Amino acid sequence: MKSPVLWRIVILAGLVILLEVLCVAGVIDKLTMQPPHRILTDLFAMLATGALNKAIAKTLGNALIAFIIAMVVGVTSAIVIHRLRRVRDTLEPLFATYYAIPVFAFYPMLIVLLGLGDAPQIFIGAMLGVVAVIVNTLNGLDRVPGVLLKTARINQMSPVDTALRVTLPCASPYILTGAKLAVAYSLIGIIGAEFIMSSGGMGYEISFAYNNFDNATMYPLILLILLVSISINMMIARWEKVLMARRGLR
Amino acid sequence: MNPQTGQLLRNTLTLIVVVLVAWQALYWVVGDVALRSPLQTLAFAAKFTSTPQFAAHLAETSKAFGLALLLAVVIGLSIGFTLGASRFLSDVFEPMLVALYSIPKITLYPILLLAFGLGMSSKVAFGTIHGVIPIALFTITAVRNVKRVYIKTGHVMGLTPLDMIARIIVPAALPEIFAGLRIGFSLTLIGTLLGEMFASQRGLGFLLMSAIGLHNVDLIMTLTLLLTVFAGTASVVLLALNQRLYARS
């Protein structure tokens, strides 16, 4: 158990050092990428001055709202769809196609519908995330042992009670897998929408910096987004592991 | 086998009808500002697809997508087979792949643009990084789940590593590998399109992006319809094939 983790750290450190050497030696030129240590110091400087804190707060806040909407809508509709066999079968091709559809094409329509502002971006983020949550929740609900459902019925629990106390806790590891994807998708939705059309937020700042060859702003922002999404995902993954271990799985 | 495919076909048809009805209803609510009705879109699509302009962009996108898919499949399968065959390697690298899978790759587009320049190579790269990781992850799991007995039998027969892959591992792991390829296909497509939207002067993604910029609703609707129909048809065909593979094994 110990050694794979150690190896992973060594490999990651090696890659960063390699990048550093390549950048400093000039193999990768300054306009393409700055050395990793510069990106880190720039990131600290950026956070310390607080110049972009508003943009960061806006993007992360919107992503959080989109994530919550995706989770709530996704889990609720999964519970409903799970009971309706025909509906679920009909939706199967949609689930298979969904992530190949360029959802961003609907962004202009959403702006007309919901107005300029945060609402269309949040809508896109939630729209992207919700299907991942539904698919994974359905997968989890499929694996709830029949005996638990029978026990619930013997205790005459209402459908809502059954969902809250039996099926959802039982399916929670799978729902968490959906949650991990929803984190990524809500960020993708918000940032992608900001790239296309917006007046603020991290995506806007990144594309603005890119257009101005301002690598000192662009790379730290990208690094920050990657750090945020990876650390949230690791936290959820750890929680998932705890839940699985409690059940004696894995 | 066949009844399952028939059921899939029936479900798809039901879904298409539902989507068309919902689309028409939405059109009545929203109006001409931001939406076109299904009929108007079809009419415009029929006209637009016969223009040489469309053919040029389509050729560009097909080329980028084909290359990206080829790269994603080759790299993904090689990573998958290498890591799947060795417990240690997969212990070390699989969590890294999972972490890479979960990052919002759209943020990486400026880096790819700077590294590959504007044009074909950057959008191929964008498509490939979207598709390669799910293919690799599914292949790792598939190869690892091949029954030990099969592999031991192969060893007893003295198969070479190449024969081992071709005659034992691939046939045994095919349904799951195929599921990975199916997801990889969708993600490579969306990756290529996103790459074209942000980092290109040609292709359907670029066309879509400029239509968004000009608020050309006809074009937006037509392109979205065409891409959705293509992706949908491909997904349903792949899904049917996949179900058949699962049913056989």
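Just so it is clear, the structure is predicted and the values come from calculations on it, not from any experiment. Convention: sequence-line order gives letters A, B, ...; per-chain numbering from 1.
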Heavy-atom contact with chain B under 4.5 Å, split by part of [X]:
| X | answer |
| --- | --- |
| A/I101 | both |
| A/Y219 | side chain |
| A/N233 | side chain |

Please state whether the side chain, the backbone, both or neither of [X] comes within less than 4.5 Å of a heavy atom of chain A.
| X | answer |
| --- | --- |
| B/M209 | side chain |
| B/L189 | side chain |
| B/L193 | side chain |
| B/L204 | neither |
| B/T228 | both |
| B/L239 | side chain |
| B/Y101 | side chain |
| B/Y109 | side chain |
| B/I103 | both |

When you look at B/L108 and A/L226, which way does the side-chain contact (heavy atoms from CB on, under 4.5 Å) test go after all the steps?
CA-CA 9 Å; B/L108 300 178; A/L226 298 188; 4.0 Å; yes

Looking at B/P104 and A/I225, what are the two nearest heavy atoms and their distance?
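Closest approach of B/P104 to A/I225, heavy atoms only: CG-CG2, 3.8 Å.
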
Determine the minimum heavy-atom distance between A/A96 and B/S235, stating which atoms define it.
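Heavy atoms of A/A96 and B/S235 come nearest at O-OG, 3.6 Å.
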
Parallel, tilted or perpendicular: which one describes the rings of B/F88 and A/W7, with boundaries at 30° and 60°?
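Taking A/W7 first and then B/F88, their aromatic rings stand perpendicular (interplane angle over 60°).
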
For a 4.5 angstrom cut-off between non-hydrogen side-chain atoms, does [X] reach [Y]?
| X | Y | value |
| --- | --- | --- |
| B/S102 | A/L181 | no |
| A/T97 | B/S186 | no |
| B/T224 | A/F106 | yes |
| B/I106 | A/F195 | yes |
| A/M202 | B/T107 | no |
| A/I196 | B/M197 | yes |
| A/E92 | B/T12 | no |
| A/F104 | B/L194 | yes |

So among A/T90, A/L94, A/V87, which one has a side-chain contact (heavy atoms from CB on, under 4.5 Å) with B/N11?
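When side-chain contact (heavy atoms from CB on, under 4.5 Å) is applied between B/N11 and each of A/T90, A/L94, A/V87, only A/T90 qualifies.
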
Stepwise side-chain contact (heavy atoms from CB on, under 4.5 Å) test for B/M96 and A/I11
CA-CA 10 Å; B/M96 288 164 98; A/I11 290 169; 4.0 Å; yes

Between A/N215 and B/L114, is a side-chain contact (heavy atoms from CB on, under 4.5 Å) present by the stated rule, with each step listed?
CA-CA 10 Å; A/N215 280 357; B/L114 289 172; 4.0 Å; yes

Find the one option among B/T14, B/I111, B/T188, B/V19 whose heavy-atom pairs under 4.5 Å with chain A are most numerous.
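So the answer, after comparing B/T14, B/I111, B/T188, B/V19, is B/I111.
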
Given the options B/A99, B/P95, B/G232, B/A115, which has more heavy-atom pairs under 4.5 Å with chain A than any of the others?
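Ranked by heavy-atom pairs under 4.5 Å with chain A, first place is B/P95.
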
Quick one: do A/Y210 and B/L113 satisfy side-chain contact (heavy atoms from CB on, under 4.5 Å)? Show the steps, please.
CA-CA 10 Å; A/Y210 169 73; B/L113 264 183; 3.1 Å; yes

So with a 6.0 Å cut-off around [atom1] of [X], is the heavy-atom count from everything else above 12?
| X | atom1 | value |
| --- | --- | --- |
| A/M234 | CE | no |
| A/F123 | CZ | no |
| B/R202 | CZ | no |

